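See structure below.
Below, read A as the first sequence line, B as the second, and so on, with proteins coming before strands; counting in each chain starts at 1. What you see is a predicted model, and the numbers here were worked out from it, not measured in a lab.
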4 protein chains.
Amino acid sequence: MGIRERKERERERRRQQIMVAAKRVFTEKGFGKATMEDIAKEAELSPGTLYLYFKNKDELYASLSLRILQYLTIRLEHVNAEPLEDAHDRLTALKEAMFDVYEFDPLILINMFHMQSSETLKNLSPQLLKEIQTLSRNSLQVMAGIFEEGIQRKMFVDKHPTAVADILWSLFSGIVLWETSKKIINDEKNFLKETFDTAFDIFSHGILRH
Amino acid sequence: MGIRERKERERERRRQQIMVAAKRVFTEKGFGKATMEDIAKEAELSPGTLYLYFKNKDELYASLSLRILQYLTIRLEHVNAEPLEDAHDRLTALKEAMFDVYEFDPLILINMFHMQSSETLKNLSPQLLKEIQTLSRNSLQVMAGIFEEGIQRKMFVDKHPTAVADILWSLFSGIVLWETSKKIINDEKNFLKETFDTAFDIFSHGILRH
Amino acid sequence: MGIRERKERERERRRQQIMVAAKRVFTEKGFGKATMEDIAKEAELSPGTLYLYFKNKDELYASLSLRILQYLTIRLEHVNAEPLEDAHDRLTALKEAMFDVYEFDPLILINMFHMQSSETLKNLSPQLLKEIQTLSRNSLQVMAGIFEEGIQRKMFVDKHPTAVADILWSLFSGIVLWETSKKIINDEKNFLKETFDTAFDIFSHGILRH
Amino acid sequence: MGIRERKERERERRRQQIMVAAKRVFTEKGFGKATMEDIAKEAELSPGTLYLYFKNKDELYASLSLRILQYLTIRLEHVNAEPLEDAHDRLTALKEAMFDVYEFDPLILINMFHMQSSETLKNLSPQLLKEIQTLSRNSLQVMAGIFEEGIQRKMFVDKHPTAVADILWSLFSGIVLWETSKKIINDEKNFLKETFDTAFDIFSHGILRH
DNA sequence: GATGAATGAGAGTTCATTCAT
DNA sequence: TATGAATGAACTCTCATTCAT
């Protein structure tokens, strides 16, 4: 391994270290209240160091989104790679992939939403934004592919596959968001796989032909 | 009408005026970047005045959530009040109610999510928090009631009604969130009733017995 | 006096108060080392208040230049207004005007130089920049006018009046700069009117026909 | 040449390399905005290396002044070395020397002014400060010598030679400063030898007896 | 000697909040 | 009740400087 390569790897490790810390702080304090100093402290680094790896606060947060999208993409590709006979099995695999993503970082969607403000967008490097866009389009296309296959096999009801993918993604996001909200506002018990299972049940039942 | 009562009404009018302005500013600038001065300007009031009606910024934003929950509650009660024979019709009425809520304030869920941070919660008066909790429980119970009815009539599949209500609400929230995100990040076309219709189609299809 | 007018006057007073403080701090600490907090403390205001009156640090400093140019303009107009028979007298009046400007704010030229950096220029409002440009052009034109008159009367040697004005201004600036430098570096005695007198003597001698 | 001496020469070469880079960066970015990293990059060295050759940033900049003073000193000695009959020719030679200095580094005076702040002075090693003081005194004395000679020969008007030297130096500095300012603020054409010629014309005319 | 990643103090600036009017 | 100028704590971000390699 060349010295250059090792350095690059070292650099990536640091980036991950910072992102892990950022995720933790963000989860605890919420978006607006988390400061760069909090994150630096959590990562056991100095504030200045954060800026060696991320252009600014917004870009650090956006990178969290990118990270989760990368994870999702990999998981989805696995789903697609397996030669499954049954479209129903595909749905189950899809559900599991999404649940994994949730466990990887429950706050993914909140993160992603933060990027909506056009003020925030201005602070992102075009390159990062592009990557996020590409990955999120990609993921949805993979999902849409699964639905298309099911429709062609006459196993799924005839809906526009892209729309169905959007809806599944929305359902997933919505559950995460809502369960998180409930947890804090109503101080109820945590997000349950159960809710997700039920939701998927209904969804599957809803798109399968009978 | 007593003088006290008139004053109270006047006070309420002002509160609404401020909330309308806040909603507008928030929609335009995004959550983190909207300042109290922006809101004051939009409401044609001075910053100081805002604090005569809202304890602080967090409470002002939380009040927006309360407002939308109140609207939702009223709409749901109307749905329930109508003596509908068919559970399927109920679902349709429910869909329409939720779409109205969306049109009343598309950013409701983002608003509501903002309250998740425990830091924010500390800034809210217990009374306001209580009201929000009560109203949101209420709404979900009304929804759950509709599903329970459907289940008892053997029209809906047998799922826990509360869970189903949660899921519908999540689906709704998720769509709003996701469509808004897409609009900004991918610069795609705006949220469409169509998406919502399709989602509801699938959902209905998913919970109806066949 | 209307309430609006009184407020405007009050506002101007505050601006002056801040500029006086800024001048003092700048003189003592030098440009780069003077902080906004220093200035705020000197003005017995809070840092935030400074930003109610000046957009940013660069603009505050640029305003100091504007102020001195305004003073110079007034003084030059007085010189021109007096019906002097003799071009030589005009020169003397000019000298005195410039010396007054020096006494009003010895650091004028350093201030003005600070604006050279294009980075700094970017931070200035176009309006302020325009005002500074206009005033400095104006002043030089008035000076040039004096020289032109002298040349037409065959009292001065035949040089381009604008160039001569530039040179006089340069001489003046240079002396201020150099004497200030000497004072600090060599710890010598302060700037002397004497130096200025001698310089002006030579200059006058140099442009007068013999 | 001993090994010690060779090392010393090597060290001096590096210092020059850094100073050349510093001059370039400073010219481009302006004083306040140029960073040590910029300079390191321009010199194709690492930031840390700069500190092996210069105690700190202020001292690096002060060294630039020292460098130009050294150049000026050499040039002036040449002027004095030539056995010129005519004091007027001496003046011309002087003018050329100063113009060379300007071409060597137009920003010299700005550099030199930077040292005025007492805060900056604190950061300089006494030795460096001493060298600068000595050299600048020296240069002025050489100039003064030229004037003294002219006065003794009854070619120049009878002014204090040191004061005349100061004034010439001020005139020179002022022109550089002012032409640079004009270029940036008014976006006018660049510093012209012409201005300098005219200025020197007037100056010469002013000190020559008629 | 040279590096350059890391530091951390401190800068400019913002903005929720207060309070004299 | 309404104001809005003033506050000042807290923020993000910069950069001269250090030090382990």
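- When all heavy atoms of D:Tyr51 and D:Asn56 are compared, the pair lying nearest together is CE2-CA, 4.0 Å.
- Taking the charged nitrogens against the carboxylate oxygens, D:Lys7 and D:Glu10 have no contact shorter than 4.0 Å, which rules out a salt bridge.
- At the phosphate of E:dA5, neither OP1 nor OP2 sits under 4.0 Å from any side-chain N or O atom of A:Arg11.
- Summarising the geometry, the separation between CZ on B:Phe54 and P on E:dC15 is reported as 21 Å, rounded to the nearest angstrom.
- One interatomic measurement links the two molecules: NZ of C:Lys29 to P of E:dA11, which rounds to 8 Å at whole-angstrom precision.
- A:Glu37 has its CD atom 10 Å from the C1' atom of F:dC11, to the nearest Å.
- Between B:Thr49 and F:dT3 there is a side-chain N or O to OP1 or OP2 distance below 4.0 Å.
- If you find the closest nucleotide of DNA chain F to D:Met36 and to A:Lys57, the one lying nearer the 5' end belongs to A:Lys57.
- Between C:Ser46 and the phosphate of F:dG8, there is no side-chain N or O to OP1/OP2 separation shorter than 4.0 Å.
- Checking E:dT17, E:dG4, E:dG8 against every side-chain atom of D:Pro47, the shortest atom distance belongs to E:dG4.
- Across all strands, C:Tyr53 comes closer than 4.0 Å only to sugar-phosphate atoms, never to a base (heavy-atom distances).
- Across all their heavy atoms, A:Glu59 and A:Asn123 have their closest contact at OE1-O, 3.7 Å.
- Between D:Arg14 and E:dG1 there is no side-chain N or O to OP1 or OP2 distance below 4.0 Å.
- Nearest nucleotide to the A:Tyr51 side chain, out of F:dC15, E:dT17, F:dT12: F:dT12.
- Heavy atoms of A:Ala40 sit nowhere under 4.0 angstrom from any nucleic acid atom.
- With DNA chain E read from its 5' end, the first of the two nearest nucleotides for C:Ala34 and D:Glu44 is the one closest to D:Glu44.
- The CD-P distance, from C:Glu10 to F:dG4, rounds to 15 Å in whole Å.
- Rounded to whole angstrom, the span from the CG atom of A:Asn56 across to the C1' atom of F:dT14 amounts to 13 Å.
- When each of E:dA6, F:dT7, F:dC11 is scored by its nearest atom to the side-chain atoms of A:Leu52, the top-ranked nucleotide is E:dA6.
- Between C:Ile18 atom CD1 and F:dA6 atom P there is a gap of 8 Å when expressed in whole angstrom units.
- Here the closest heavy-atom approach between residue A:Ser63 and residue A:Arg15 is recorded as OG-NH2, 4.0 Å.
- B:Arg24 pairs in a side-chain contact (heavy atoms from CB on, under 4.5 Å) with only one of the listed residues (B:Glu42, B:Met19, B:Lys29), which is B:Glu42.
- Defined by atom type and a distance below 3.5 Å, a donor-acceptor pair is present between the side-chain atoms of C:Gln17 and C:Arg14.
- To the nearest 0.5 Å, the span separating CG on A:Leu64 from CG on A:Leu60 amounts to 5.5 Å.
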Encoded 5' to 3' (Watson-Crick or G-U under 3.5 Å; [ ] crossing; | other strand), DNA chain E becomes .||||||||||||||||||||
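- Rounded to whole Å, atom C1' of E:dA16 lies 15 Å from atom NZ of B:Lys41.
- For B:Lys7 and C:Lys7, each mapped to the nucleotide of DNA chain F holding its nearest heavy atom, the one lying further toward the 5' end belongs to B:Lys7.
- A:Leu50 comes within 4.0 angstrom of no nucleic acid atom, judged by non-hydrogen atoms across all strands.
- What separates OH of B:Tyr61 from P of E:dC15 is a distance of 11 Å, to the nearest Å.
- A salt bridge is defined here as a Lys NZ or Arg NE, NH1 or NH2 lying under 4.0 Å from an Asp or Glu carboxylate O, and A:Asp38 with A:Lys57 fails to meet this definition.
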